[in-house]
Every structure is written in structure tokens, then in C-alpha cells.
2 protein chains.
Amino acid sequence: MGAASQQLEQLSETCSHCSLNYLCLPYGLSQDDVSELERLVSPGTPVAMNAELFGQGDTLTDLYAIRDGSMKTVVVDEDGLEQILGFYYPGDLLGLDGFADQHHHCTAVALESTRVCRIPVDRLDRLVDKLPSLRHQIMRLMSQALSDEERLLLTLGRKNSEGRISSLLLTLSRRREMRGLDPSPVSLSMKRSELANFLSMRLETVSRVLTRLQRDGVIRVRQSRVDILDREALRSRSSRGAWAADQS
Amino acid sequence: MGAASQQLEQLSETCSHCSLNYLCLPYGLSQDDVSELERLVSPGTPVAMNAELFGQGDTLTDLYAIRDGSMKTVVVDEDGLEQILGFYYPGDLLGLDGFADQHHHCTAVALESTRVCRIPVDRLDRLVDKLPSLRHQIMRLMSQALSDEERLLLTLGRKNSEGRISSLLLTLSRRREMRGLDPSPVSLSMKRSELANFLSMRLETVSRVLTRLQRDGVIRVRQSRVDILDREALRSRSSRGAWAADQS
DNA sequence: CGTAGGGTTGAAGAGTATCAAAGGCGGTGG
DNA sequence: CCACCGCCTTTGATACTCTTCAACCCTACG
């Protein structure tokens with residue numbers, strides 16, 4: 001199964017043949033519509049590690065879909081506080097929060113050497129006029145992003161440190177499966193300090209929790225690679241230690 | 001100014017004459033387009049206090065715009081954890097997170113006696129096909145919702161209890177201004193326990209912080225009514241006590 | 001081989017949660 | 001109209017998780 005699922009990450013220069021299209025913009029479109037879509041996509045733009053794809057405040061010109069690699073998005077408020085909003089992997093779409101006022105509300109940075117497909121919004125907008133199925137898919141993806149953030153709010157708000165780390169590992173594992181990869185060796189391509197920022201913890205606490213989970217035989221940590229040894233234990237730790245579902 | 005701004009909350013049975021239309025779906029539409037829109041809107045459906053407008057998992061049939069009153073949205077995860085996602089006021093649109101899979105991902109409950117405008121999604125969808133400006137506005141509103149949640153993530157993730165309460169009060173005040181009301185007497189129509197849940201605190205902590213802010217002359221609390229006495233102090237407390245914008 | 005950045009581990013302290021009890025406020029019924 | 005009751009809120013004392021500060025370790029890389 002390992003070899004077979006690796007094959008799924010074979011990429012193509014066209015959306016029609018891209019193995020990730022069912023996660024991405026083309027999902028739900030007819031063959032003809034996908035052909036129209038792929039005419040305006042520039043595939044394979046490279047982004048170097050630590051380079052910005054777009055910055056908070058930049059004018060919205062393109063949406064981006066990740067082909068391979070990984071990225072993070074960060075928002076900085078007026079007090080200089082910095083919060084990582086999410087980590088993104090192949091098939092994920094970036095830039096959707098820019099429709100509000102035609103400006104990006106966060107900064108996107110590559111966690112490793114990454115390639116993205118670039119989709120100009122003005123041409124996309126004209127195509128959306130013609131293709132209701134494309135409009136539906138974009139709204140589905142925005143709605144999806146909303147739901148994902150709601151889930152994150154729940155995790156950060158109601159779980160303790162062990163619950164947060166466990167939830168994150170399970171989520172990353174599940175997302176690997178959705179891309180057709182093996183669920184188990186999760187690659188933490190971000191630094192401990194980035195994990196901590198994302199989960200609203202301190203990096204020392206992240207380290208301690210990972211150590212504890214390893215000591216108890218739930219996971220195995222080897223630098224950035226994390227093997228999930230006992231999925232069930234991880235699941236139970238992701239809910240235990242959570243705060244009571246208190247009174248109305 | 002109090003009287004004048006009160007007038008702005010005069011409501012009408014039609015979107016064209018509704019004083020909140022610049023916050024709501026009609027924004028950016030031509031007069032003719034608004035007329036088309038208002039033909040499919042049922043204005044003024046009443047929702048009793050504590051009644052559900054829609055429930056998590058329900059099929060998405062309508063979007064809702066609040067006319068007067070207030071609501072909260074709640075999400076419950078598989079472990080029974082409950083998280084309040086937001087509080088909503090006149091002009092706010094509810095149900096946008098249901099486009100992902102045609103089901104609501106949260107439950108909407110009235111905090112007081114509330115009236116909402118009901119907008120059937122199937123008819124809205126057909127109208128969106130005809131009116132690009134309406135599509136733009138819906139995407140703007142979804143994008144806006146995304147940005148709002150990102151801001152909430154930042155507040156919950158990086159601020160201590162005093163910072164969270166202060167931020168919330170300032171936000172509620174700002175939203176009153178956007179609706180043309182006086183910024184100062186903020187009405188906390190939700191219970192302390194709901195505030196606590198929303199801000200990921202315990203209700204005792206909420207109470208202590210409010211007491212402290214009142215003792216220091218920043219606000220005055222009288223049951224559900226909160227006067228903001230020193231806006232600048234509130235602003236500084238909303239950022240002080242926040243965690244460091246730590247290393248990359 | 002030596003340095004630097006990231007990661008781990010340890011001890012002390014702050015901020016909240018938790019448990020417990022008392023204090024208002026509104027609603028109901030006598 | 002007043003008294004009682006229940007729910008929400010406030011206040012206090014204690015416990016615990018996580019942060020903070022500090023030192024050390026490891027791995028990558030010139």
C-alpha cells in the first residue's frame with residue numbers, strides 16, 4: 001500500500017491529470033470545464049523555503065494551490081502579536097480570505113521548498129460567471145475553510161496541551177490519508193516554535209508533551225518525522241483532559 | 001446623537017429601505033438588483049429567546065440575516081465539547097458555513113427575542129447566477145467571516161484573560177458603531193457562562209476581570225449593561241498581558 | 001573540529017481552574 | 001403586595017497546569 005499510495009502524488013502539468021484535483025478547484029467540474037480552468041492556471045511556480053508567497057496587506061491578484069511541499073499562514077495584529085493560522089499541504093488552496101477587500105489578510109510562507117499553481121483571480125472571476133459548478137466549488141472550499149477554523153477554535157479553546165498536540169497529529173495524519181498517502185509517518189516540517197505558536201503553547205511545553213507521548217509508547221519522534229504507534233491512545237488523549245461541556 | 005443614531009435602526013419590510021442593507025446582502029447591488037433580491041426574502045421571522053434557528057447537522061435550506069435581537073452559534077464535537085463560535089447582531093448573516101456540504105456545521109440560538117430575515121438558498125443560488133455583484137457580495141461576506149475568525153484565533157491564542165475581555169468589549173462597541181449606534185453602553189445579552197465559553201475562560205474568571213475593570217474605573221457594569229468609561233485604558237489592557245511575539 | 005540554531009530537560013513562579021459558599025435578581029404563588 | 005424559590009453572579013481559598021528562566025544537549029554545516 002505504501003508504494004501504491006506514493007504513486008498518487010504523481011503530478012501533472014494539467015488539472016485534468018493532477019492526482020489532487022478531487023481536493024482542489026476542479027472537483028465537481030465536467031471534463032470540459034476543467035479544460036477551461038486549466039488554461040488559466042500556471043502550474044509549478046517554485047517557492048523557496050522561508051520565502052513569502054504573499055504578504056499580509058498585499059493586493060489580491062492570484063489564488064494558489066499547493067502542488068508539493070508545505071506552507072504556513074501567519075497574521076500579525078496592530079500590537080505586533082503573531083499567530084500562525086494554519087499549515088497547508090498539496091491540494092490546499094491559499095488566498096481565499098482576500099476576497100473580503102481584495103487584500104490578503106495574512107502572510108503565506110513556505111516551510112520547505114514548495115511548488116504552487118497560480119490562478120489569477122480576474123480570469124477566475126470571469127470563468128466563474130460562466131460555470132456555476134466552479135462557483136459552487138469555490139464556495140464549498142470557503143465554507144470548508146470556515147468549518148476548519150471553527151474546529152481549530154474548539155481545539156484551542158477546550159483542550160489542554162496534550163489534547164492539542166494529539167489532535168494536531170491526528171489531523172495531519174488524516175490529511176495525509178485524504179491525499180492518498182500512508183497515515184503514519186507524519187512529517188512535522190515546521191519548527192517546534194511554530195507548532196507552539198499555532199497551538200498557543202510555549203515551545204518547551206510542546207517538547208515536553210512530545211517526549212511524554214513517546215515515553216508512553218503512543219508515538220515515536222525522530223527529528224521531524226513522527227510515527228503514530230497507537231492511534232487509539234492518541235485519540236483518547238486528544239479528548240481527555242478537555243474541559244467540561246459546562247452548563248448552558 | 002443618541003436619538004439620531006437610534007433612528008438608524010428603523011427597519012423596513014424591504015431590503016431597499018432597510019437601514020442595515022450596507023452591512024448585509026444588498027451591499028454593492030444596484031437598485032434593480034436589490035429589488036430582485038428582496039422578492040425572495042421573508043422578512044421578520046420571530047425567534048423566541050433560547051430557541052434554535054437551525055441546528056448542527058440540519059440540511060441547509062436558508063440563510064438568515066438578523067433584523068433585531070442577537071444570536072449565538074455553537075458547535076459540539078464528537079466528545080461532547082461545546083464551543084460558542086460567535087455572537088451575532090442586526091445586519092449579520094448566518095448559515096454561510098453550510099455551503100461546504102449543504103448542512104449546517106453549528107447550531108444558532110437566540111439570546112433574546114429576535115427577528116430574522118429568511119433567504120432560501122435555492123432561489124438565492126439561481127439569482128446569484130444572474131447577478132455577479134451578488135456573487136461578489138456573498139464571497140465578500142464569507143471572506144469577512146474567515147477574517148473575523150482569524151482575528152478571534154489571535155485573541156484567544158495570544159492574550160490573557162483581561163486582554164480577551166477587553167478585546168471583546170471593544171469589538172462589541174465597534175460593531176455597535178457600524179450599525180450607527182452609540183459605542184458606549186454595550187449590552188451583554190449573553191450570560192457570564194456563555195461569555196466564558198466563547199473566550200475559553202471560566203465564568204468565575206470572567207466575573208473577576210469585569211469586577212477589576214470596574215474597580216479601576218475603566219468600565220461600569222450594571223447587570224447586562226456595560227458602560228465604557230475609559231476607551232484608551234481598555235485598548236491598552238486589550239494588548240498588554242499578551243504573550244510575546246516570539247522568535248520565528 | 002568548532003560553532004550556531006534548534007531542541008530537550010530542570011526548577012521556580014504566575015495565572016487560572018476548581019471547589020465552596022454567599023449574595024443579588026427576577027419570577028411565581030400565596 | 002410580599003415572601004419564597006431558583007438561577008445567575010460574585011467572592012474567597014486552594015490546587016494545578018503551564019509559563020518562565022536557565023542550563024545543557026544534539027545535529028547540521030562550514
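Labels below follow one simple rule: chain letters A, B, ... track the order of the sequence lines, proteins then strands, and each chain is numbered from 1. Treat the numbers as computed from the prediction; the structure is a model and nothing was measured. The basis for the numbers below is simple: all heavy atoms, side chains too, and nothing from hydrogens, waters or symmetry mates.
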State, without any angle test, whether B:S167 and B:K159 hold a side-chain donor-acceptor pair at a distance under 3.5 Å.
yes
Starting at atom CE of A:M49, determine the distance to atom P of D:dA28, rounded to an integer number of angstrom.
13 Å
Where protein sits on nucleotides 8-16 of chain C, one letter per nucleotide: B base, S sugar-phosphate only, - none, heavy atoms under 4.0 Å:
BBBB----S
By nearest-nucleotide position on DNA chain D, the 5'-leaning member of A:R164 and A:Q223 is A:R164
Rounded to whole angstroms, how far apart are CG on B:L111 and P on D:dC8?
13 Å
Counting only heavy atoms from other residues, nucleotides and ligands, does the tally under 6.0 Å from CZ of B:R231 exceed 12?
yes
Between atom CG of A:L170 and atom OG of A:S238, what is the distance when rounded to the nearest 0.5 Å?
5.5 Å
Could you give all pairs that pass the salt bridge (Lys or Arg N to Asp or Glu O under 4.0 Å) test and reach residues 49-58 of chain A, with sequence neighbours left out?
none
In whole angstroms, the gap separating C1' of C:dG7 from CZ of A:R222 amounts to 17 Å
Main-chain N/O of A:S42 paired with A:R118 side-chain donor or acceptor, under 3.5 Å
no
Measure CE/B:M190 against C1'/D:dC8 and give the value in whole Å, please.
15 Å
Without decimals, in angstroms, what is the distance between A:N197 CG and D:dT19 P?
12 Å
Specify the separation, in whole Å, of atom CD of B:E194 and atom C1' of D:dC7.
13 Å
Could you give the CG-to-C1' distance, from A:L199 to D:dC18, as a whole number of Å?
14 Å
Does B:R212 CZ have over 12 foreign heavy atoms under 6.0 Å away?
yes
